[in-house]
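To start, the structure itself, in structure tokens.
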Protein chains: 2
Amino acid sequence: MNTMTWLTEDQQATWRAFLHATTLLEDHLDRQLQRDAGMPHMYYALLSTLSETPGRSMRMTELAERAKITRSRLSHAVARLEGNGWLRRESCPSDRRGQVVVLTDAGYDEVVRTAPGHVDAVRSAIFDRLTPEQTAQLGEISRIIAEGLHRPDRADLPWLR
Amino acid sequence: MNTMTWLTEDQQATWRAFLHATTLLEDHLDRQLQRDAGMPHMYYALLSTLSETPGRSMRMTELAERAKITRSRLSHAVARLEGNGWLRRESCPSDRRGQVVVLTDAGYDEVVRTAPGHVDAVRSAIFDRLTPEQTAQLGEISRIIAEGLHRPDRADLPWLR
DNA sequence: CCATTTTTATTGAAACTTCAAGAAGTGCAC
DNA sequence: GTGCACTTCTTGAAGTTTCAATAAAAATGG
């Protein structure tokens with residue numbers, strides 16, 4: 001723990017602005033996708049990730065890592081999306097503990113149908129408002145922040161708590 | 001809706017990095033505060049906001065706007081925090097529909113007790129890793145993004161849906 | 001005034017996430 | 001190959017958020 005307790009004025013201002021931006025943005029995208037695709041942003045991201053993957057399928061753990069969520073959260077999400085018919089589970093041939101999530105044709109069609117609206121929401125909220133330099137800066141800053149944070153799921157690694 | 005459907009490569013890379021950073025960061029802070037203060041980040045932010053306010057109190061609507069959340073969400077949060085004894089409701093003298101949320105002494109003590117750990121988590125995740133220039137850039141970019149997004153609570157403005 | 005519209009805040013149900021626990025398979029050390 | 005540590009994934013319960021509906025008071029405008 002750093003001995004310096006407080007943030008500077010600049011850091012405080014940045015932190016507040018960042019919190020507000022991310023809170024509003026998440027909310028905005030969740031509503032847009034809930035309205036147009038009937039699912040929250042994270043669920044859409046799962047389908048979208050699978051749609052870009054060879055075989056449109058992935059192991060549960062791999063998908064959880066890419067999406068930066070816990071396996072538990074993914075299990076619940078997959079159960080819901082499976083109920084919608086947008087993906088299905090298959091058991092993994094090489095590891096009998098494992099499951100492979102497969103994007104169905106209906107799920108793929110759903111991504112194709114809703115992607116333009118979502119991309120548009122992202123672009124109009126962010127990239128239409130930033131210069132190319134700012135876009136590059138945001139990318140670099142995001143990479144730096146993400147790099148310092150391990151992914152969650154400490155629930156499955158009890159000896160680390 | 002913009003006619004341009006997709007993002008550029010740079011924009012895509014930035015968007016993915018941003019999503020990963022914000023997902024990991026939120027999760028990190030939620031866990032830190034859940035562990036050390038027994039509440040999620042948003043709840044802590046409510047107490048913290050009140051602690052800096054004259055009278056350590058605020059109208060519900062004002063607090064919801066500052067925190068960028070809906071009134072409904074705030075109602076539930078306040079109910080929970082009131083149960084913890086960290087704040088209480090008082091009826092507003094000037095508007096009989098209104099409620100004033102007041103941070104209790106116990107709530108103030110809780111903020112004082114847990115603030116250093118939280119600030120430290122924020123600093124070590126973000127500001128220790130960014131240059132002063134990047135901090136300024138992040139602040140400016142966040143302000144631009146937030147500016148373009150109206151606050152939620154369209155649920156209370158049905159004619160806008 | 002009075003009716004209508006708008007604002008303030010809350011509520012309960014449904015949806016989502018977290019947390020702790022557990023079933024089942026893998027793989028390493030011996 | 002057997003035991004033990006570890007991984008994979010799921011589950012149910014508790015906590016949080018969203019959504020739609022509601023009550024009550026205030027503001028608006030004839």
Side-chain angles (χ1 to χ4, degrees), chain A residues 23 26-35 38-46 58-65 67-84 89-101 151-161, chain B residues 23 26-35 38-46 58-65 67-84 89-101 151-161:
Chain A
T23 302
E26 271 197 47
D27 197 81
H28 181 66
L29 296 181
D30 267 337
R31 278 168 208 271
Q32 184 268 321
L33 280 165
Q34 194 65 55
R35 178 164 42 75
M39 64 188 128
H41 186 201
M42 181 57 75
Y43 288 26
Y44 173 86
L46 295 174
M58 210 180 289
R59 285 286 297 271
M60 290 288 288
T61 295
E62 168 76 3
L63 185 53
E65 281 172 2
K68 316 293 183 196
I69 61 177
T70 62
R71 291 171 185 172
S72 173
R73 186 175 176 181
L74 181 61
S75 275
H76 288 296
V78 165
R80 196 275 223 187
L81 292 169
E82 191 171 32
N84 279 281
R89 291 160 155 110
E90 290 179 1
S91 47
C92 178
S94 62
D95 184 340
R96 280 192 303 175
R97 293 167 303 182
Q99 293 282 99
V100 179
V101 203
R151 101 186 74 84
D153 221 354
R154 288 8 238 170
D156 291 334
L157 306 173
W159 63 93
L160 276 185
R161 283 192 306 237
Chain B
T23 303
E26 271 197 48
D27 197 80
H28 182 66
L29 295 181
D30 267 337
R31 278 168 208 271
Q32 184 268 322
L33 279 165
Q34 193 66 55
R35 178 165 42 75
M39 63 188 130
H41 186 200
M42 181 56 75
Y43 288 26
Y44 173 86
L46 296 174
M58 210 180 288
R59 285 286 297 271
M60 291 289 287
T61 294
E62 168 77 3
L63 184 52
E65 281 173 1
K68 315 294 183 196
I69 61 177
T70 63
R71 291 170 185 173
S72 173
R73 186 174 176 182
L74 180 60
S75 275
H76 287 296
V78 166
R80 195 274 222 189
L81 292 169
E82 191 169 33
N84 280 283
R89 291 161 157 110
E90 290 179 1
S91 47
C92 177
S94 62
D95 183 341
R96 282 191 301 174
R97 294 167 301 183
Q99 292 282 100
V100 179
V101 203
R151 103 187 74 84
D153 221 354
R154 286 12 236 169
D156 291 334
L157 307 173
W159 62 92
L160 275 186
R161 284 191 306 235

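By convention in this document, chain letters (A, B, ...) are assigned in the order of the sequence lines, proteins followed by strands, and residues within each chain are numbered from 1.
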*asked:* Quick check: on DNA chain D, is the nucleotide nearest B:M39 upstream (toward 5') of the one nearest A:G98, or the reverse? Name the residue that is more 5'.
replied: A:G98

_If you assign each of A:D30 and A:V78 to its closest nucleotide in DNA chain D, which residue comes earlier from the 5' end?_
A:V78

Atom of [X], atom of [Y] and distance for their closest heavy-atom approach:
X     : Y     : value
B:H41 : B:L29 : CE1-CD1, 3.9 Å
B:K68 : A:T23 : O-CG2, 3.6 Å
A:R80 : A:P40 : NH2-CD, 4.0 Å
A:R89 : A:Q99 : CB-NE2, 3.4 Å

Which whole-number value in Å describes the distance from [X] [atom1] to [N] [atom2]?
X     : N      : atom1 : atom2 : answer
B:R35 : C:dC19 : CZ    : P     : 11 Å
B:R73 : C:dT17 : CZ    : C1'   : 12 Å
A:R31 : D:dT18 : CZ    : C1'   : 7 Å
B:M42 : C:dC16 : CE    : P     : 19 Å
A:K68 : C:dT18 : NZ    : C1'   : 20 Å
A:D27 : C:dA15 : CG    : P     : 19 Å
B:I69 : C:dA9  : CD1   : P     : 13 Å
B:R80 : D:dA14 : CZ    : C1'   : 11 Å

*What residues, two or more places apart in sequence or in another chain, satisfy side chain to side chain donor-acceptor pair (under 3.5 Å) together with A:R59?*
none

Would you indicate what [X] reaches in the nucleic acid, counting non-hydrogen atoms under 4.0 angstrom: base, sugar-phosphate, or nothing?
X     : result
B:D95 : sugar-phosphate
B:R96 : sugar-phosphate
B:R89 : sugar-phosphate

When you get a sec, tell me which of [options] is the closest nucleotide to the side chain of [X]?
X     : options                : value
B:S75 : D:dC9, C:dA9, D:dT16   : C:dA9
B:Y43 : C:dC19, C:dC16, D:dT16 : D:dT16
B:R71 : C:dT18, C:dA9, D:dT16  : C:dA9
B:R97 : C:dG12, D:dA26, D:dT16 : D:dA26

*Hey, does the side-chain of B:S72 have a donor or acceptor N/O within less than 3.5 Å of a partner on the base of C:dT11?*
yes

_B:H76 (side chain) and D:dG15 (base): donor-acceptor pair under 3.5 Å_ = no

*Taking side chain to side chain contact (heavy atoms under 4.5 Å, CB included) as the test, write out the residues that go with B:S75, two or more places apart.*
B:M60

*Starting from the C-alpha separation in whole Å, work towards a yes-or-no answer on side-chain contact (heavy atoms from CB on, under 4.5 Å) for B:M58 and B:V101.*
CA-CA 5 Å; B:M58 210 180 288; B:V101 203; 5.7 Å; no

*Position toward the 5' end of DNA chain C (nearest nucleotide), B:Q34 or B:T61*: B:T61

*Verdict with reasoning, A:L74 to A:L46, per side-chain contact (heavy atoms from CB on, under 4.5 Å)*: CA-CA 9 Å; A:L74 181 61; A:L46 295 174; 3.8 Å; yes

*asked:* Need the bend value for the helix from C:dC1-D:dG30 to C:dC30-D:dG1: angle between end axes, 5 pairs each end, nearest 10°.
replied: 30°

